[in-house]
Amino acid sequence: MTDADRFEAFVREYQDMVFATAARLLGSGPEAEDVAQTVFLRAFQRFAELSKSPTAAGWLKAVTTNLCLNHLSRYRKRWQFFSELDEPAHPEGYAAGVPSAAPGGQDLDTADRDARLERAVRELPDHQRVPLVLFHFEDMSYQEIASALGVSLGKVKTDIHRGRETLKKELSVFDESH
Amino acid sequence: MNHIDLQQLLERELKQLPTPRAPEALLPRVLAATVQPGPARSYGGWLAWPRAWQLVSAASLMALIAAAWMLLPLVAASNVWLGAPAAPAPITTFVRNAGETATVVRVLWQVLLQPVATYVLVLAISLALACAVLWTAVERLALGGATQR
């Protein structure tokens with residue numbers, strides 16, 4: 001097996017994990033794809049050591065998270081300034097990348113519910129979605145999130161709570177209609 | 001529903017979400033990017049130089065300008081050399097013109113610019129500081145720092 005083959009296998013193994021982390025943090029499929037590509041290019045540069053490392057997944061997650069936070073900080077601040085008044089974080093279609101069809105064998109309602117929840121997560125405003133994703137999907141503590149984002153602990157807790165309320169509302173609407 | 005219940009409910013719901021699949025195009029994109037030669041290292045200009053090089057180059061440039069400033073009038077004033085029959089006419093003319101230009105620039109500097117240079121410098125520094133403070137305040141207060149690292 002050549003190095004190219006081994007790297008391809010490496011990307012195949014981790015691409016879903018990297019993409020999922022980026023998509024949830026950024027709330028956008030196309031942007032997540034760009035970030036995922038950058039992550040794997042960085043991995044390629046140090047593939048010799050990374051391919052043998054048992055912590056490759058952790059390294060990929062950390063790099064993905066950092067790149068996403070940098071991306072959000074660099075490209076969205078100006079826009080956020082004008083739109084962070086509890087408006088949806090993204091224009092229509094931003095969450096269009098969330099699959100809505102049920103995978104084979106899965107209950108249609110469950111798949112629909114999952115898709116709806118996934119979409120609701122991606123549609124949260126940046127300042128709610130990012131800490132919520134870091135808490136629930138990346139298993140970071142409130143304090144770690146506050147440090148990573150450079151905001152107060154109270155703001156992190158408030159934003160996550162508001163995000164959860166929104167998601168709960170979304171689930172309630174779905175459950176009542178089914 | 002209190003905070004703990006809400007947290008546990010969402011924890012359950014979110015943990016059971018299937019991992020979003022990467023788009024089909026991601027793998028080919030990554031593989032294509034790894035075989036392409038990297039972009040040519042762009043020349044970042046003087047600002048991209050190492051700090052020591054910047055200092056040395058700036059000092060050299062200032063020394064050069066200072067030397068020219070001091071020497072040109074002397075050269076232009078040395079009529080003996082300029083008037084020597086061996087000196088070609090174009091060179092003599094060029095040196096004389098350069099000397100006259102330097103004198104004019106020096107007079108303009110001393111009469112017009114030097115009296116206000118200090119004030120202009122202080123004003124520029126104050127404005128730059130004010131802009132920096134204002135931008136920092138806008139970032140922290142208006143943007144909420146939600147995505148800062």
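Letters go in sequence order (proteins before strands), and every chain restarts at 1.
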Chain B shares the most heavy-atom pairs under 4.5 Å, among A:Arg12, A:Arg24, A:Gln45, with A:Arg24

Strictly distance-based, threshold 3.5 Å: is any side-chain N or O of A:Asp16 a donor or acceptor partner for the main-chain N or O of B:Arg21? no

Could you tell me whether A:Arg113 and B:Glu13 make a salt bridge, using a distance below 4.0 angstrom between a side-chain N and a carboxylate O? yes

Heavy atoms of other groups near B:Trp53 CH2, more than 12 under 6.0 Å: no

| With side chains defined as the heavy atoms from C-beta onward, is the minimum distance between A:Phe40 and B:Leu27 less than 4.5 Å? | no

So, the part of A:Ile160 with a heavy atom under 4.5 Å from chain B: the answer is neither

Report task. Using a 4.5 Å cut-off on heavy atoms from C-beta on, say whether the side chain of B:Thr19 contacts that of A:Phe19. Result -> no

**Request:** Would you kindly confirm whether B:Leu112 and B:Val107 end up in one hydrophobic cluster when ILVMFWY residues are joined by side chain heavy atoms under 4.5 Å apart?
**Result:** yes

Do B:Leu9 and A:Arg164 make a side-chain contact, defined as non-hydrogen atoms from C-beta onward lying under 4.5 Å apart?
no

The interface call for A:Asp139 against chain B, heavy-atom contacts under 4.5 Å, is side chain

All heavy atoms of A:Gln37 vs all of B:Ala33, minimum pair found to be NE2-CB, 3.4 Å

| said: Grouping I, L, V, M, F, W and Y whenever their side-chain heavy atoms are under 4.5 Å apart, do B:Val120 and B:Leu123 come out in a common cluster? | reply: no

- [ ] Please check if B:Val116 and B:Ile125 belong to a single hydrophobic cluster, counting links between Ile, Leu, Val, Met, Phe, Trp and Tyr side chain heavy atoms closer than 4.5 Å.
- [x] no

So, the part of A:Val18 with a heavy atom under 4.5 Å from chain B: the answer is neither

Notebook entry, point to check: Is there a side-chain contact between A:Arg122 and B:Pro20 (heavy atoms, below 4.5 Å)?
Noted result: yes

- Query: Quick one: are A:Phe135 and B:Glu11 in side-chain contact, heavy atoms under 4.5 Å?
  - Reply: yes

request  = Check whether more than 12 heavy atoms from other residues, nucleotides or ligands sit under 6.0 Å from atom CD of B:Gln110, and answer yes or no.
outcome  = yes

Between A:Asp114 and B:Pro18, the two heavy atoms sitting closest are OD2-CD, 3.5 Å

**Asked** Does B:Leu10 reach the side chain of A:Leu132, with side-chain heavy atoms less than 4.5 Å apart?
**Response** no

Here the gap from A:Asp34 atom CG to B:Leu26 atom CG, rounded to the nearest 0.5 Å, amounts to 9.5 Å

Heavy-atom closest pair (B:Leu14 atom, A:Phe137 atom, distance to 0.1 Å) is O-CE2, 3.5 Å

*Determine whether B:Arg29 and A:Glu33 make a side-chain contact, defined as any pair of heavy atoms from C-beta on separated by less than 4.5 Å.*
yes

- Query: Are A:Leu153 and A:Leu149 in one and the same hydrophobic cluster, where Ile, Leu, Val, Met, Phe, Trp and Tyr link if side-chain heavy atoms are under 4.5 Å apart?
  - Reply: yes

Verify the neighbour count for atom NZ of B:Lys15: are there more than 12 heavy atoms of other residues, nucleotides or ligands below 6.0 Å?
-> yes

